[in-house]
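Here is the structure we will look at.
Note that the coordinates shown come from a computational prediction; the quantities given were computed from them, not determined experimentally. Just so you know, ligand 1 is whichever comes first in the structure, and atom 1 is the first atom listed for that ligand.
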Amino acid sequence: MKINTLLAGLLTSVTLVVGSAQAAELSIVSGDTGNGLAFLRSQLDKFEAETGNKVTVVPMPSSTSDQFGQYRLWLAAGNTDIDVYQTDVIWAPQLADQFLDLTDAAKDVVGAHFPSIIESQTVDGKLVALPAFTDAPALFYRKDLLEKYNKPVPTTWEEMAATAKEVMDGERAAGNAEMWGFVFQGNAYEGLTCDALEWVKSNGGGQIVEADGTISINNPQAAAAIDRAATWIGTISPEGNLAYQEEESRGVWQLGNSVFMRNWPYAYALGNGDDSPVKGKFDVAPLPAGDGEGAGSAATLGGWNIAVSKYSPDPEEAIKLALFLSSPEVQKERAINQSNLPTIEALYDDADVLAASPFMANWKEIFQNAVPRPSAPTKVKYNEVSSLFWSAVHNTLSGNGSAAENLEVLEADLSDLKGDAW
Ligand code: GLC
């Protein structure tokens, strides 16, 4: 009895010593979108079980712009409380100095990811973050309603707007007063930069600032695309859409109150959830094209990555966490449960992934042709560039000036910001 107690005590202290030598307490920030926090927690539980580490999630707002503002402050202050950051694809050049170089730690795994994504996270030879998932948007459409009104899936913005109006009017006349035609991200934030870049690029209007640094946004095709979007507000899209981010658009859509929605793939799994009124009633297609020379469907490249703060007191364990969250196992779970697009090519041929998210078979090509926002050419000034752009667009959507007027001012502001070079 005595010996047993002694032994048990000894074993406990041995475990404690071994445990404390290895165990780290880490924290990771995470934006709160859909059921993303619950999914992250489920993966962290596995990491904790595998490593003995403890990980705390610090929840953040869902807006990438709000997250960026906060993280920049924390990092500038050398905050040691956050070890691991989830980073938007556009942030790498702006935050590169604050994160550890993961080149060595990831040397055996980088080859499995799409090279373009690794490149987007590499700044002056430093691998700033490891990819968790990539993002390329879709036109979500109600199969049941297009069938009822005998309409094809629209392939141009004009066709989309006409179908949206016809179905919306028909449904309202039939008693559904809440019905709208199209919801998208119209708030003044990074999401509007993504949506508006698609309108402009799909209309042959360029990509705001080109890869060589040229400011191209002040052109008639870009202006026409933004003016066209302004006509949607108050007709096929509610006035309130001017304040919608991803989650507000999804809210309207998932209640069954919109014919079309522009959103990222995460809305696919949620829309097909058991509690979703649109479960089984929708599908996704590439975004519509504009008109004029060079027009064609365009998708803005999004995506999220995992970076390790250079102020982390536990860099080794924090790097393990980054490797874990970008691993094929977790990416597969993310593709199945969250319908997030993997950055590991092999997962696009995975039967379980395709069974859960059949659209991914077509999305590999869409994301590979997606348009990057001009974060690489504008470097540390990207956030300011984007904010000037979304403001010009938001003004136009709100009826404050025509697109031509607002883009002229934008061009002048961007030239000032650029100075001699980005
Ligand atoms: C999605 C994209 C991200 C983008 C954001 C805009 O989260 O993955 O890249 O910046 O939407 O709201």
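Evaluated by nearest non-hydrogen atom to atom 7 (O) of ligand 1, the leading choice among Trp264, Trp304, Tyr266 is Trp304. Scanning Thr87, Asp88, Thr33 for the heavy atom closest to atom 10 (O) of ligand 1 points to Asp88.
The contact set between ligand 1 and Glu246, taken as ligand atoms under 4.0 Å from a residue heavy atom, comprises 5 (C), 6 (C), 11 (O), 12 (O). Which parts of ligand 1 touch Gly191 is read off a 4.0 Å heavy-atom cut-off, strictly below it: atoms 6 (C), 12 (O). Close approach of ligand 1 to Thr64 is summarised as follows: ligand atoms under 4.0 Å from at least one heavy atom of the residue are 5 (C), 6 (C), 10 (O), 12 (O). Heavy-atom proximity to Glu190, at under 4.0 Å, picks out these atoms of ligand 1: 10 (O).
Between the side chains of Glu190 and Trp390, no donor N or O sits under 3.5 Å from an acceptor N or O.
Among protein heavy atoms, atom 2 (C) of ligand 1 sits closest to Asp135 OD2, 3.3 Å.
Under a 4.0 angstrom heavy-atom cut-off, Arg373 registers as being in contact with ligand 1. Using a 4.0 Å cutoff on heavy atoms, Tyr189 counts as a contact of ligand 1.
To the nearest 0.5 Å, atom OG of residue Ser339 and atom CH2 of residue Trp264 are 13.5 Å apart.
Taking only nitrogen or oxygen atoms, main chain and side chain alike, Phe133 does not reach within less than 3.5 Å of ligand 1.
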Just do the side chain to side chain donor-acceptor pair (under 3.5 Å) check on Gln338 and Arg334 with the steps written out, would you? CA-CA 5 Å; Gln338 310 298 104; Arg334 214 180 265 120; over 6 Å; no

In sequence, state the C-alpha distance, the side-chain angles, and the governing distance for Leu321 and Leu44, and then conclude on side chain to side chain contact (heavy atoms under 4.5 Å, CB included). CA-CA 9 Å; Leu321 179 55; Leu44 293 175; 3.7 Å; yes

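In this structure, Arg172 satisfies the cation-pi test against Trp180, with its NZ or CZ atom closer than 6.0 Å to the six-membered ring centre and inside 45 degrees of the ring normal.
Applying the ring-ring contact (aromatic ring centres under 6.0 Å, His included) definition to pairs two or more places apart or across chains, those involving residues 85-127 are Phe68-Trp91, Tyr71-Tyr85, Tyr71-Trp91, Tyr85-Phe99, Trp91-Trp304, Phe114-Tyr348, Phe114-Phe367.
A distance-only check finds a donor-acceptor pair linking the side chain of Asp101 to the backbone of Leu127 [under 3.5 Å].
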